[in-house]
Amino acid sequence: MSQLLQAAAYGVVQGGLLGLVAVGFSLVWGVMNVINLSHGALAVTGAYLAWLLNLHFGLDPFLALPVVAIALFLFGYALQRGLINLVINAPIFLTLLLTFGLGLVILNSLQLLFNADDRTIETSYASQSLALGTVNVPYGRLAACGLALAITVGLAAVMTRTRLGHSISATGMDRGAARLMGIRARHVYAITFGISAALAGVAGTMIATVGSFNPTTTPGQLTLDAFVISVLGGLGNMYGALVGGLVLGIAESVGGLVLTGTWVNAIAMAVLILTLIVRPSGLIGKAQYSGRVEV
Amino acid sequence: MALSAAACGGGGNTNTSGSTITFAAPVSQTGAFGQAEGLYTLQGYKFCQNTLNAKGGINFGGQSHQVTLVTQDDQSVAATSAQIVDGYNDKGYKFILSPYGSAGTTAVAPVVERNGQVMLDSNGADTAIFTHGYKNTFAVLSPSSTYVTTIIDALAALNPAPKTVAVIAANDGFSQHAAEQGVKEAQAKGMTVVPSPTAYTSSTKVAANATDVSPALIAIKGLNPDVIIVSAHLNEAVAAVKQASELGIKPKLGFAATVAPPTPAFISALGKSSEGVLGSTQWVPEITASDSIFGNARAFLTNFTTTFGWSPDQYPYQAADAAAACEALALAIEKAGSTDASAVRNALVSLKADTFYGHIEFDATGMNTNKPMYVIQIQSSAFVTIYPSNLASKQATWPAVK
């Protein structure tokens with residue numbers, strides 16, 4: 001029983017971390033209908049930035065978060081305005097190709113700059129844990145989970161209570177109508193992509209703090225995780241990524257304990273398939289996002 | 001070299017230049033092994049090629065032949081390795097240096113056999129490769145059966161020796177076989193394996209290259225083993241050490257792992273958490289072995305690490321495996337006096353060579369079974385040889401867990 005509780009507790013905090021990885025990816029997919037295959041590369045870029053700040057200035061990764069987020073926001077904004085916007089009306093395959101290629105360019109640049117070694121940000125607390133009886137809750141992942149929750153709530157507030165959020169939502173629902181209302185879609189898209197890149201950078205910083213990262217295998221895994229979680233949680237709801245991440249994290253952790261760890265990927269895919277059979281729009285996604293008008 | 005001229009102490013080489021000889025290798029430069037093990041293997045091959053050519057190449061028939069190394073990224077996919085080697089055969093490349101890892105080597109071996117190529121296996125240790133009756137695959141490294149058993153032997157020699165061990169194993173053939181033999185050795189040494197002797201096939205089995213091994217760790221939580229042994233590769237070993245700390249799992253004495261600890265990537269991925277971890281290794285620079293190409297083991301270390309910018313305290317042993325495989329192939333070609341693959345294969349069968357890597361001699365299955373393995377411990381971010389005791393450069397820090 002204690003093993004089951006431990007697995008569940010670990011699954012929750014791991015799920016929060018996964019949700020953090022996916023929230024920016026889900027935002028861009030939901031608003032711009034762009035499946036950003038460079039999301040993992042942006043996350044790893046954030047991880048390297050936080051790692052450098054820690055290495056050279058001793059900056060704690062949590063204190064580095066604002067710097068990473070701002071830098072990645074500016075980078076994401078520029079990418080969208082200067083590059084992705086050029087193909088925003090093109091068939092989805094072209095945006096897939098573009099973002100895939102973009103990811104490769106970023107990763108090869110990182111590999112040239114830092115080589116391919118695994119890196120980690122060492123802190124005194126990330127690998128320690130809070131003992132609750134026989135259950136240990138790792139501080140690092142707990143903090144990442146809390147961050148995911150705070151960011152999701154904050155993002156939901158921005159989307160529902162601010163002019164910027166309404167502009168983003170409106171553009172995501174019907175770009176043509178949004179333009180008629182005076183919304184500058186190009187600028188809104190760039191801000192959305194910038195926010196997504198900033199969130200990717202935050203997630204990358206957390207990955208670097210609780211685990212390790214490298215420019216060859218980490219980005220692909222993060223992008224795949226983000227894709228699965230976005231589909232599982234559903235688009236069009238700011239809480240979709242968090243819910244998807246939590247469900248996936250718990251399923252993998254508890255399922256891995258019951259069926260052994262080699263079943264983890266199969267369990268994740270089984271949960272995804274079952275969810276899509278019952279709810280094609282994802283756990284809490286909005287069906288309207290599959291039938292929106294693009295002008 | 002050439003090889004024989006240098007071996008006899010001759011300094012000059014009066015041979016004329018002959019045709020170049022191609023060594024071909026499918027080596028991982030991307031994918032799961034791309035950032036570490038594949039890179040080290042590739043560097044070992046390159047270092048061998050450069051050193052061989054600097055020494056005059058391979059000498060036979062009154063001519064010295066330079067070596068050309070052809071490589072292609074197999075993306076850490078075994079099937080791709082096999083396809084690449086098939087393509088090499090179409091181009092007439094008969095001399096193959098193995099990809100990194102047992103999976104890739106297992107896939108390539110039947111291709112080599114079918115095509116009449118000859119493969120020197122540098123980093124595929126799974127003994128299953130050598131149970132198919134292949135005639136053209138020869139491994140310079142110790143087999144998978146010795147990876148965990150050597151760790152157990154080293155642990156048994158430490159004070160205090162562990163009474164209980166837990167074995168986490170990846171679900172690839174190499175890791176499972178290493179774990180199986182290690183569990184037997186542990187039981188033979190009077191150690192208790194928790195949660196059960198067969199747990200490495202079920203509750204403590206993890207997916208190969210997994211970065212999350214928490215289910216296996218949770219399965220041993222509360223059992224408080226003296227030592228946790230990870231029979232796997234880099235990703236799993238890094239995850240095990242990190243996540244054990246997160247989950248409050250602390251072995252009483254320490255961690256040990258195959259493959260990963262004696263690699264620079266293990267230290268860069270774990271930082272201070274890598275301190276004290278034991279690891280079995282194929283080669284250490286303390287061995288008293290030498291040859292006319294690389295010099296002695298210490299000289300190999302110095303020259304290799306200088307060439308590729310590694311710290312001599314953090315040398316990748318996989319590069320020594322790779323260089324030794326390349327050297328064995330060169331020696332066999334010179335012995336055969338020909339580049340005919342069949343003649344070179346026959347020369348390998350009867351090859352007996354003392355090298356910087358130790359003695360190389362293949363048994364009937366193609367394995368270099370007499371070569372011992374060694375155990376290092378990470379101390380102050382350096383690989384310190386601790387087993388066997390006659391090669392130990394320092395005493396083990398034990399218990400490693402404070």
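Chain letters run A, B, ... following the sequence lines, proteins first and then strands; every chain starts at 1.
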Problem set entry | Separation of B:Phe47 CZ from B:Tyr45 OH (nearest 0.5 Å) | 15.5 Å

For this session: Specify whether A:Phe25 and A:Phe227 have parallel, tilted or perpendicular ring planes, treating 30° as the upper limit for parallel and 60° as the lower limit for perpendicular.
Result: perpendicular

Problem set entry | Top of B:Thr211, B:Leu270, B:Val238 for chain A proximity - count of heavy-atom pairs under 4.5 angstrom | B:Leu270

Problem set entry | Per-residue contact mode, A:Ala7 against chain B (heavy atom under 4.5 angstrom) | both

Exercise. Picking from A:Gly11, A:Ser127, A:Ser2, A:Gly140, which has the most non-hydrogen pairs under 4.5 angstrom with chain B?
Worked result: A:Ser127

Exercise. Where does A:Ala9 contact chain B at under 4.5 Å (heavy atoms): side chain, backbone, both or neither?
Worked result: neither

Exercise. Roughly how far, to the nearest 0.5 Å, is NE2 of B:His233 from OG of B:Ser175?
Worked result: 5.0 Å

For this session: Please work out which of the three classes, parallel, tilted or perpendicular, describes the rings of B:Phe304 and B:Phe308, given edges at 30° and 60°.
Result: tilted

Problem set entry | Top contributor to chain A interface from B:Asn171, B:Leu247, B:Leu39 [non-hydrogen pairs under 4.5 Å] | B:Leu247

For this session: Would you check if A:Tyr139 and A:Leu130 make a side-chain contact, meaning some heavy-atom pair closer than 4.5 Å?
Result: yes

Exercise. Hey, is the main chain of B:Asp321 close enough, under 3.5 Å, to the side chain of B:Ser122 for a donor-acceptor pair?
Worked result: no

Exercise. Are there residues of residues 199-226 of chain A that reach to under 4.5 Å of chain B by heavy atoms, and which ones?
Worked result: A:Thr209, A:Val210, A:Gly211, A:Ser212, A:Asn214, A:Thr216, A:Thr217

Exercise. Does A:Ile267 offer a backbone N or O that forms a donor-acceptor pair with the side chain of A:Glu252 under 3.5 Å?
Worked result: no

Exercise. CD1/A:Ile229 to CG/A:Leu248 distance, rounded to the nearest 0.5 angstrom?
Worked result: 5.5 Å

For this session: Determine whether the aromatic ring centres of B:Tyr40 and B:Tyr100 lie less than 6.0 Å apart.
Result: no

Exercise. Does the A:Thr99 side chain pair with the main chain of A:Asn36, one donor and one acceptor, at a distance under 3.5 Å?
Worked result: no

For this session: Spell out, as yes or no, whether a donor-acceptor pair under 3.5 Å connects the side chain of A:Asn108 to the backbone of A:Leu104.
Result: yes

Exercise. Chain A contacts: which residues in residues 262-269 of chain B have a non-hydrogen atom closer than 4.5 Å to it?
Worked result: B:Ala265, B:Ser268, B:Ala269

Problem set entry | Short N-O contact, A:Glu122 and B:Lys272, less than 4.0 angstrom | no

